[in-house]
Amino acid sequence: MADRAVKCTRKTSETDISLELNLDGSGNSKINTGIGFFDHMLTSFAKHGFFDLNLTVKGDLYVDCHHTIEDTGIVLGKAIKGALGDKKSIKRFGNFFLPMDETLVMCAIDLSGRPYLVYDLNLSTEKVGYFDTQMVKEFFYAVSYAAEMNINLKQFSGENDHHIIEAAFKAFAKALDEATSIDERLKGKLLSTKGSL
Ligand SMILES: [Mn+2]
């Protein structure tokens, strides 16, 4: 099978984004969003999901990190949807419990064609580095509607916000890797009783 790869660009008065995603990659990434902690999260996402991700974001960070993170979520979501193409033979569902020291976060996803985010993380600080912790929800919400997928994130334990957020990104990566992988038993069909995803 050919690699499922796309290139997406998006330019507004607030952000200028160029993103290349290969779902069938090996975890290589080159990421520069201007926000160190966000780069760290997306590098982890690529590594642990075995996705190749090249991303450059020039955002209005003189305002704050909001547009940069939200718009990156929109473009990543569109890239996921684009790279999946007709969704034939994919496992569709994926889930992962990701432990990180004192933290345990679960992510479950359904590449259903319907957007939905259930967000149940309890973060206690305003910022990690220059990353506003409120933006975790905004990022995953943007990915969910742009990719038209269900994302359910639940924290079972955790105290350190760096750990909790990183566990969420890694759990999402592992769940997405599973959901986008091929089940040979589908023999080119969609995993749906109604015949559409
Ligand atoms: Mn870390």
Side-chain angles (χ1 to χ4, degrees), residues 15 17-23 25-61 63-77 79-80 94-109 117-144 146-147 149 151-181:
T15 59
I17 299 175
S18 172
L19 184 153
E20 290 175 295
L21 173 70
N22 182 358
L23 293 174
S26 47
N28 296 321
S29 63
K30 196 172 169 199
I31 291 163
N32 187 354
T33 67
I35 305 164
F37 183 72
F38 194 32
D39 290 357
H40 177 38
M41 292 303 98
L42 293 170
T43 303
S44 290
F45 164 76
K47 174 67 72 177
H48 293 284
F50 294 91
F51 308 124
D52 290 343
L53 180 62
N54 285 338
L55 171 66
T56 305
V57 186
K58 296 187 193 94
D60 56 357
L61 294 174
V63 177
D64 66 6
C65 64
H66 194 113
H67 305 135
T68 298
I69 295 170
E70 180 179 35
D71 293 2
T72 299
I74 292 170
V75 176
L76 179 62
I80 291 167
N95 67 84
F96 206 85
F97 281 85
L98 197 297
M100 193 170 182
D101 296 346
E102 89 294 348
T103 293
L104 181 65
V105 173
M106 184 277 309
C107 181
I109 64 174
L117 173 68
V118 177
Y119 175 88
D120 186 11
L121 306 181
N122 298 301
L123 303 172
S124 55
T125 58
E126 282 184 18
K127 281 177 174 288
V128 178
Y130 296 101
F131 181 103
D132 294 349
T133 56
Q134 281 194 326
M135 292 311 300
V136 180
K137 183 177 182 181
E138 298 300 316
F139 172 78
F140 283 107
Y141 177 65
V143 172
S144 72
M149 65 192 289
I151 302 174
N152 192 311
L153 280 168
K154 185 170 177 63
Q155 175 188 337
F156 288 86
S157 67
E159 291 173 11
N160 181 280
D161 282 354
H162 185 125
H163 287 162
I164 295 164
I165 298 167
E166 187 166 336
F169 273 81
K170 287 177 176 171
F172 175 63
K174 302 296 284 179
L176 186 63
D177 183 37
E178 182 183 14
T180 56
S181 66

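Just so you know, these numbers use all the heavy atoms, side chains as well, and skip hydrogens, waters and symmetry mates. For ligands, and for the atoms within them, numbers begin at 1 and follow the listed sequence. One is the number of the first residue; the rest follow in order along the sequence.
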**Study point:** Side-chain H-bond candidate by donor/acceptor type, Asp161 with Thr125, under 3.5 Å
**Key:** yes

Among the N/O/S atoms of His40, the Mn ion (ligand 1) lies closest to NE2

Side chain to side chain donor-acceptor pair (under 3.5 Å) filter on Lys127, not counting sequence neighbours, yields Asp132

Here the N/O/S atom of Glu166 closest to the Mn ion (ligand 1) would be OE1

- For Tyr141, look at atom OH and say whether over 12 heavy atoms of other residues, nucleotides or ligands are found less than 6.0 Å away. no

Checking distances from the Mn ion (ligand 1), one finds that the N, O or S atom of His162 closest to it is NE2

Contacts satisfying side chain to side chain donor-acceptor pair (under 3.5 Å) that involve residues 165-177 (not counting sequence neighbours) are His40-Glu166, His162-Glu166, Glu166-Lys170

